[in-house]
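Comments concern the structure below.
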Number of protein chains: 2
Amino acid sequence: MTDTTTAGLRKPDSEDDGMSPIARSGAGGTLAEAIRVGLADEITSGALAPGTEIDEQAVAGRFGASRTPVREALRQLAASGLVVIEPRRGVRVAALTANDLGELFELMAETEALCIRLATYRMTAVERVALQMLHRQSAPIVGRNDVDRYDQHNRDFHTSIYRGSHNSALVDHATGLRLRLAPFRRAQFRGEQRLQQSHSEHEAILSQVLQGDGEAAGRLMRAHMLTASATLAEYLVAPRG
Amino acid sequence: MTDTTTAGLRKPDSEDDGMSPIARSGAGGTLAEAIRVGLADEITSGALAPGTEIDEQAVAGRFGASRTPVREALRQLAASGLVVIEPRRGVRVAALTANDLGELFELMAETEALCIRLATYRMTAVERVALQMLHRQSAPIVGRNDVDRYDQHNRDFHTSIYRGSHNSALVDHATGLRLRLAPFRRAQFRGEQRLQQSHSEHEAILSQVLQGDGEAAGRLMRAHMLTASATLAEYLVAPRG
DNA sequence: ATAGCTCATTATGAATACAATAAGGCGAGC
DNA sequence: GCTCGCCTTATTGTATTCATAATGAGCTAT
């Protein structure tokens, strides 16, 4: 954590070397947006661990900007729940209690259940096929026990289901929840058989989707998410949870 | 809308007359927070109609503050969906399309269904009784056809159910959704028999809760919310929805 | 020696100043 | 007469400066 050069964007005191000043690469085009994305990455990736204090000036220096856009970025991150702001006391990466985590995982499970239920009834034929293919492509990943690749695949799978609900408000809600929980899912597939188990559960869910039973798919999805969270909880005993 | 003195806080160019400088009365204690609350009120109450452009400087003047806290407030409002920010183009009160509204109402309905389902299994005896009493107290309001009072009661009823889920993440989510939809619910109880119908639906939901059938309560709640949104939609034909 | 108070320091909250972009108007050319 | 382009202007984005509150250290008194 001492080496926080990870997201150095504009190097301070260096003339523009022709590279696009990140604002473009960031997102909409504003510095604040770019900083928000950068900080969110650092938090979700674990580079900034939960509970870490965030110094506005330090962040500003790191990103080669002033405090103003940094503050805006931090407020937005607070709104999404990734950081916590105590007025006049500073900002820190959200450190959730075990209870908070449980509540969030429950909401996540119910939300995903809702997504798959709606998706069962609303996905187009193309979407259905795409989801099947996505699932099939993960088989060799499971075989190789490639955790990183499977993690990426898992994200894609669930995201496809969000989209399948054909409700963008729901997609945003589910995506936001996933982002918020990201810092706490680092050990998600650590267990020996977790990849295999996750894959099987996906298969069962997919099966119900193809049979058109959204309720059953929802129940399976809820169980799938709660299983994952329970497995995860085993690795969260030590922290000040 | 020309008379926007509604939320005048610090009158500009008037020496502090001993009154607490609103920062205290606002919320946490910062000006930005107070402005956020003030603007949110104006938006949800309809004083600032959907689609209205918001000028940072004008808001700053109105609240007797500088642009800095106003910008922070606006960013937070954007995060909650009440306003939309187009970089370099300005801020305007969120103007949702009919499709957006439909998606939000669906999410709201499903969220409320989830709340009542969980609440059915988790409310304490005290909470159960309180909810019953709250419902009973609304009977005379319905009798008098007192729309404003019933609106307040309705909020309390639903909020109590959120809390009954005993999941604060879910409470926040549901509350946020309700806030976001508030600007579009102004004509909610305009129909002749709407109060009576709403009351009956509440009664049916409560009945299932007391019988311990969370699933049934959830189905009724979903229908209740969708009925309300459908009724509401009748009044949203004219606007640029 | 310890507890409480005061003062200095530092970081956040807010205001002001500066820069850059987008929009609108005016003029010129086709 | 219409359209395209430049220029002006106003508003947003960013930086800098100022104010204020919280924190910690050091001192004093009990």
Side-chain angles (χ1 to χ4, degrees), chain A residues 4 9-16 20-39 48 51-79 83-93, chain B residues 4 9-16 20-39 48 51-79 83-93:
Chain A
T4 43
L9 297 177
R10 284 183 192 160
K11 297 152 214 138
D13 297 293
S14 78
E15 58 278 6
D16 280 8
S20 71
I22 56 92
R24 219 53 39 77
S25 81
T30 76
L31 243 182
E33 191 78 1
I35 294 173
R36 182 179 66 76
V37 172
L39 281 177
L48 287 177
T52 306
E53 289 186 19
I54 298 181
D55 184 85
E56 294 180 355
Q57 195 142 313
V59 174
R62 224 147 46 71
F63 282 82
S66 75
R67 275 178 54 217
T68 308
V70 171
R71 282 175 63 83
E72 283 192 4
L74 288 174
R75 301 310 153 120
Q76 292 179 245
L77 292 176
V83 305
V84 174
I85 299 178
E86 288 174 291
R88 303 259 177 207
R89 301 272 314 247
V91 182
R92 61 180 59 227
V93 181
Chain B
T4 42
L9 297 176
R10 285 183 191 160
K11 297 150 214 137
D13 297 296
S14 78
E15 57 277 9
D16 280 8
S20 72
I22 56 90
R24 218 54 38 80
S25 80
T30 75
L31 242 181
E33 191 79 0
I35 294 172
R36 181 179 66 75
V37 172
L39 281 176
L48 287 177
T52 306
E53 289 186 19
I54 297 181
D55 184 85
E56 295 181 355
Q57 195 141 313
V59 174
R62 223 146 47 71
F63 282 82
S66 76
R67 276 179 53 216
T68 308
V70 172
R71 282 176 64 83
E72 284 192 5
L74 288 174
R75 300 310 152 121
Q76 291 179 246
L77 291 176
V83 305
V84 174
I85 299 178
E86 288 174 292
R88 305 261 177 204
R89 301 272 313 248
V91 182
R92 61 180 58 226
V93 180

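Order of the sequence lines fixes the chain letters, A, B, ..., with proteins taken first and strands second; residue numbering starts at 1 for each chain. The model shown is predicted, which means the values in this text are computed figures rather than measured ones.
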Is there a side-chain contact between [X] and [Y], using heavy atoms and a 4.5 Å cut-off?
| X | Y | answer |
| --- | --- | --- |
| B/Phe63 | B/Leu39 | yes |
| A/Gln76 | B/Gln76 | no |
| A/Val83 | A/Ile54 | yes |

Legend entry - Toward the 5' end of DNA chain D, by each residue's nearest nucleotide, A/Pro69 or A/Arg89: A/Pro69
Inset, instruction - Mind checking B/Ile54 for me? I need base, sugar-phosphate or nothing, with any heavy atom below 4.0 Å counting as a touch. - result: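 Answer is sugar-phosphate: B/Ile54 comes under 4.0 Å of backbone atoms only.
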Report the distance from atom [atom1] of [X] to atom [atom2] of [N], rounded to the nearest whole Å.
| X | N | atom1 | atom2 | value |
| --- | --- | --- | --- | --- |
| B/Ile85 | D/dG13 | CD1 | P | 7 Å |
| B/Gln57 | D/dG13 | CD | C1' | 14 Å |
| A/Arg36 | D/dT14 | CZ | P | 13 Å |
| B/Glu56 | C/dA14 | CD | C1' | 15 Å |
| A/Arg75 | C/dT12 | CZ | P | 10 Å |
| A/Glu33 | D/dG13 | CD | P | 11 Å |
| B/Glu72 | D/dT14 | CD | P | 14 Å |
| B/Ile35 | C/dG13 | CD1 | C1' | 12 Å |

Legend entry - Partners meeting salt bridge (Lys or Arg N to Asp or Glu O under 4.0 Å) with A/Arg75 (sequence neighbours left out):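 Expected list: B/Glu72.
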Inset, instruction - Return the set of residues passing side-chain hydrogen bond (donor to acceptor under 3.5 Å, both in side chains) with B/Glu53 (not counting sequence neighbours), or none when no residue passes. - result: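 B/Glu53 satisfies side-chain hydrogen bond (donor to acceptor under 3.5 Å, both in side chains) with B/Arg92 once adjacent residues are dropped.
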Atom pairs, N/O to N/O, protein against nucleotides 16-20 of chain C, distance under 3.5 Å?
unit_1, atom_1, unit_2, atom_2, d
C/dT16, O4, B/Thr68, OG1, 3.3

Inset, instruction - Side chain of A/Thr30 only, please: which of D/dT12, C/dT12, D/dG13 is the nearest? - result: D/dG13
Legend entry - Closest to side chain of B/Leu31, choosing from D/dT14, C/dA15, C/dT12: C/dA15
Inset, instruction - Could you grab the distance from atom OG1 of B/Thr30 to atom CZ of B/Arg36, nearest 0.5 Å is fine? - result: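 Answer rounded to 0.5 Å: 8.5 Å.
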Legend entry - From B/Arg71 atom CZ to B/Ile35 atom CD1, the distance as rounded to the nearest 0.5 Å: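 Reported to 0.5 Å precision, the distance equals 13.0 Å.
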Legend entry - Phosphate-side-chain proximity, B/Arg71 and D/dG13, N/O vs OP1/OP2 below 4.0 Å: yes
